[in-house]
Amino acid sequence: MAVKFVIVIVALALCCAAEPVKCGHNNLTRETVSGSWFGFELLITRLEILEQKLEKFNILEQKLTKLDILETKLAKLDTLEQKLSKVDHTLQKQAKTVFWSCSEEPSKISGKYRLQPDFFNQPFVGFCEQEKHGGGWLVIQHRFDGSVDFYRNWTDYKNGFGKIDGEFWIGLERLHMLTKDKNVTLMVEIEDYDGNYGYARYDEFEIGDEDTKYVLKRISGYSGTIGDSIMLNDRGRMFTTRDSDNDINRSENCAIISNGAWWYNNCSLTNPNGPYHKKAEWPKLFWRHHRGGVALKFFRMMIK
């Protein structure tokens, strides 16, 4: 409004200054007031039109600014889509590729891959650990957050359960096929709630078929940092679940006592499939030779 007022004053001054003066007989007369006022109104009208155009210009400028911002975001989105497309292409390529083992997978990146160790059996999706302990490991059991209930029946332990990239058990039948008449190494990793990490490695590992109750047929060649809580106690034992008692405890089912499932002796020095919690009391997830069997927050078994 201040600008408009100034323009109006200037315009009025110009109109008054521009008015012609008539001379005669020493009398000065000016043009009629109505003519001057008409010129003034014309200027005001033109000024209002200019203001309207300026307002439209400002609105258009704001829209153009928003359009520039939108174009920038679209360009970033396009770049992101291209990256995602490359990742998707890589994953699809990996999904279509079948490897004999995790050791044969060339990228050496930990993740899910299609595996077919035996030509006569269908491929399956497994999780390969490619970074720790030299890589090439197939994960067969994983506990780390308690999201999956491991107190299950025989059928579940036979077929497997959980998510391959989460907490899971690979399944006794598959584990039998993976270890049958092969030179298989077992790796056990643990970590307690105080951050103490350790591992146990066994150079030989094999389990029998369902007719033998998936007996722990071979396990030997221990080395590691957490002590042997399997080989001397559980070797030669059959697998026991809450509904299939195959341990040597004559009075009770060790799976029920331990709230888990394992190759229990009477009962066991380890409970990898026991309850996941931080409590010290029994039953719990533990490894007896690690700090006297404290509760564990991480437990993983792998083979290659």
Side-chain angles (χ1 to χ4, degrees), residues 94 98-118 121 123-145 147-148 150 157 159-192 196-207 214 216-231 234-235 239 260-263 270-274 276 285-287 289-290 296-304:
Q94 290 177 346
V98 179
F99 303 102
W100 290 110
S101 68
C102 292
S103 299
E104 298 294 326
E105 192 280 312
S107 75
K108 302 308 175 185
I109 299 174
S110 298
K112 295 187 294 184
Y113 296 94
R114 284 167 56 85
L115 304 171
Q116 190 178 20
D118 191 332
N121 291 294
F124 68 94
V125 177
F127 191 94
C128 295
E129 169 55 58
Q130 302 288 43
E131 300 168 18
K132 300 187 67 175
H133 299 286
W137 297 96
L138 171 63
V139 180
I140 61 174
Q141 188 255 28
H142 201 183
R143 309 284 305 278
F144 59 90
D145 63 7
S147 60
V148 175
F150 275 67
Y157 270 94
N159 298 327
F161 55 85
K163 295 182 179 180
I164 296 299
D165 53 356
E167 289 200 333
F168 77 100
W169 171 266
I170 198 169
L172 290 166
E173 187 61 31
R174 175 156 290 150
L175 191 56
H176 163 64
M177 299 303 298
L178 289 169
T179 62
K180 178 183 177 182
D181 300 326
K182 297 181 178 69
N183 295 321
V184 175
T185 301
L186 173 68
M187 176 69 71
V188 177
E189 291 185 302
I190 67 171
E191 184 178 343
D192 60 36
N196 298 298
Y197 169 85
Y199 73 93
R201 176 185 175 122
Y202 296 90
D203 293 334
E204 288 187 312
F205 176 66
E206 180 184 357
I207 70 170
Y214 299 109
L216 186 52
K217 191 173 181 179
R218 283 192 301 156
I219 186 163
S220 63
Y222 164 80
S223 61
T225 62
I226 56 176
D228 170 34
S229 291
I230 299 179
M231 187 171 67
D234 302 329
R235 180 171 52 194
F239 201 83
W262 191 247
W263 292 279
T270 184
N271 196 30
N273 300 318
Y276 186 95
L285 168 60
F286 75 98
W287 183 272
H289 287 91
H290 175 72
L296 302 175
K297 72 172 183 178
F298 174 83
F299 195 105
R300 183 166 70 166
M301 295 196 298
M302 308 180 292
I303 61 172
K304 73 174 178 179

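For the single chain, residues carry numbers from 1 onward in sequence order. Nothing here was measured: the structure is a model prediction, and the numbers come from that model.
Of the residues Phe298, Phe127, Phe168, the one that meets the ring-ring contact (aromatic ring centres under 6.0 Å, His included) test with His142 is Phe298.
Using a 4.5 Å cut-off on side-chain heavy atoms (C-beta onward), Phe286 and Asp192 make no contact. Side-chain contact check for Ile207 versus Lys217: every heavy-atom pair is 4.5 Å or farther apart. When side chains are defined from C-beta on, Leu178 counts as touching Ile170, because their heavy atoms get closer than 4.5 Å. When side chains are defined from C-beta on, Glu173 counts as touching Tyr214, because their heavy atoms get closer than 4.5 Å. You'll find the side chain of Val188 stays beyond 4.5 Å of the side chain of Thr270, heavy atoms only. The shortest distance between side-chain heavy atoms of Leu115 and Cys102 falls below 4.5 Å. Side-chain contact between Leu186 and Ile140 is present, with heavy atoms from C-beta onward closer than 4.5 Å.
Side-chain atoms of Glu167 come within 3.5 Å of backbone atoms of Ser147 as a donor-acceptor pair (strictly under, hydrogens ignored). For the pair Tyr113 (side chain) and Gly126 (backbone), a donor-acceptor distance under 3.5 Å is absent. Checked by atom type and distance alone, the side chain of Lys180 never pairs as donor or acceptor with a backbone atom of Leu175 at under 3.5 Å. Side-chain atoms of Lys182 come within 3.5 Å of backbone atoms of Met177 as a donor-acceptor pair (strictly under, hydrogens ignored). In this structure a side-chain-to-backbone donor-acceptor pair under 3.5 Å is missing from Glu189 to Lys132. The backbone N or O of Gly136 sits less than 3.5 Å from a side-chain atom of Gln130, completing a donor-acceptor pair. Side-chain atoms of Arg201 never come within 3.5 Å of backbone atoms of Gly224 as a donor-acceptor pair (strictly under, hydrogens ignored). Distance alone, capped at 3.5 Å, places no donor-acceptor pair between the Glu129 side chain and the Ser110 backbone.
Atoms OG and CD, on Ser220 and Glu206 in that order, are 11.0 Å from each other to the nearest 0.5 Å. Note that CE of Met301 and CZ of Phe205 are 6.5 Å apart. Values are rounded to the nearest 0.5 Å. The OG atom of Ser101 lies 9.5 Å from the NZ atom of Lys304; values are rounded to the nearest 0.5 Å. How far NZ of Lys297 is from CZ of Phe144: 12.5 Å, rounded to the nearest 0.5 Å. Separation of atoms OG1 (Thr185) and CD (Glu204) is listed at 8.5 Å; rounding is to 0.5 Å.
Between Trp169 and Phe239, the ring planes lie tilted relative to each other; the angle falls in the 30° to 60° range. Ring planes of Tyr157 and Phe161: perpendicular class, angle over 60° (limits at 30 and 60°).
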Verify side-chain contact (heavy atoms from CB on, under 4.5 Å) between Ile230 and Leu216, making sure each step is shown before the conclusion.
CA-CA 10 Å; Ile230 299 179; Leu216 186 52; 4.0 Å; yes
Pair Phe150-Asn271, side-chain contact (heavy atoms from CB on, under 4.5 Å): steps then yes or no:
CA-CA 11 Å; Phe150 275 67; Asn271 196 30; over 6 Å; no
Using the rule given for side-chain contact (heavy atoms from CB on, under 4.5 Å), can you reason through Asn273 versus Gln141, listing the C-alpha separation, both sets of side-chain angles and the distance that settles it, and then say yes or no?
CA-CA 9 Å; Asn273 300 318; Gln141 188 255 28; 3.0 Å; yes
Evaluate the side-chain contact (heavy atoms from CB on, under 4.5 Å) criterion for residues Asn196 and His290: first the C-alpha distance (whole Å), next the side-chain angles of each, then the deciding distance (0.1 Å), finally the verdict.
CA-CA 9 Å; Asn196 298 298; His290 175 72; 4.0 Å; yes
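Tyr222 meets the ring-ring contact (aromatic ring centres under 6.0 Å, His included) test with Tyr202; sequence neighbours excluded. Residues forming a side-chain contact (heavy atoms from CB on, under 4.5 Å) with His289 (at least two apart in sequence, or on another chain): Ser229, Leu269, Trp287.
A cation-pi geometry, defined here as NZ or CZ lying under 6.0 Å from the six-membered ring centre and within 45° of its normal, does not hold between Arg143 and Tyr276.
Nearest heavy atom pair, residue Pro117 against residue Phe124, reads CD-CE2, 3.7 Å. Of all heavy-atom pairs between Gln116 and Asn121, the closest is NE2-O, 2.7 Å. A pairwise comparison of heavy atoms in Gly227 and Ala200 identifies O-CB, 4.3 Å as the closest pair. Contact record, Trp100 with Asp118: CZ3-C, 4.2 Å, taken as the closest heavy-atom pair. Between Arg114 and Val125, the closest heavy-atom pair is CG-CG2, 4.2 Å.
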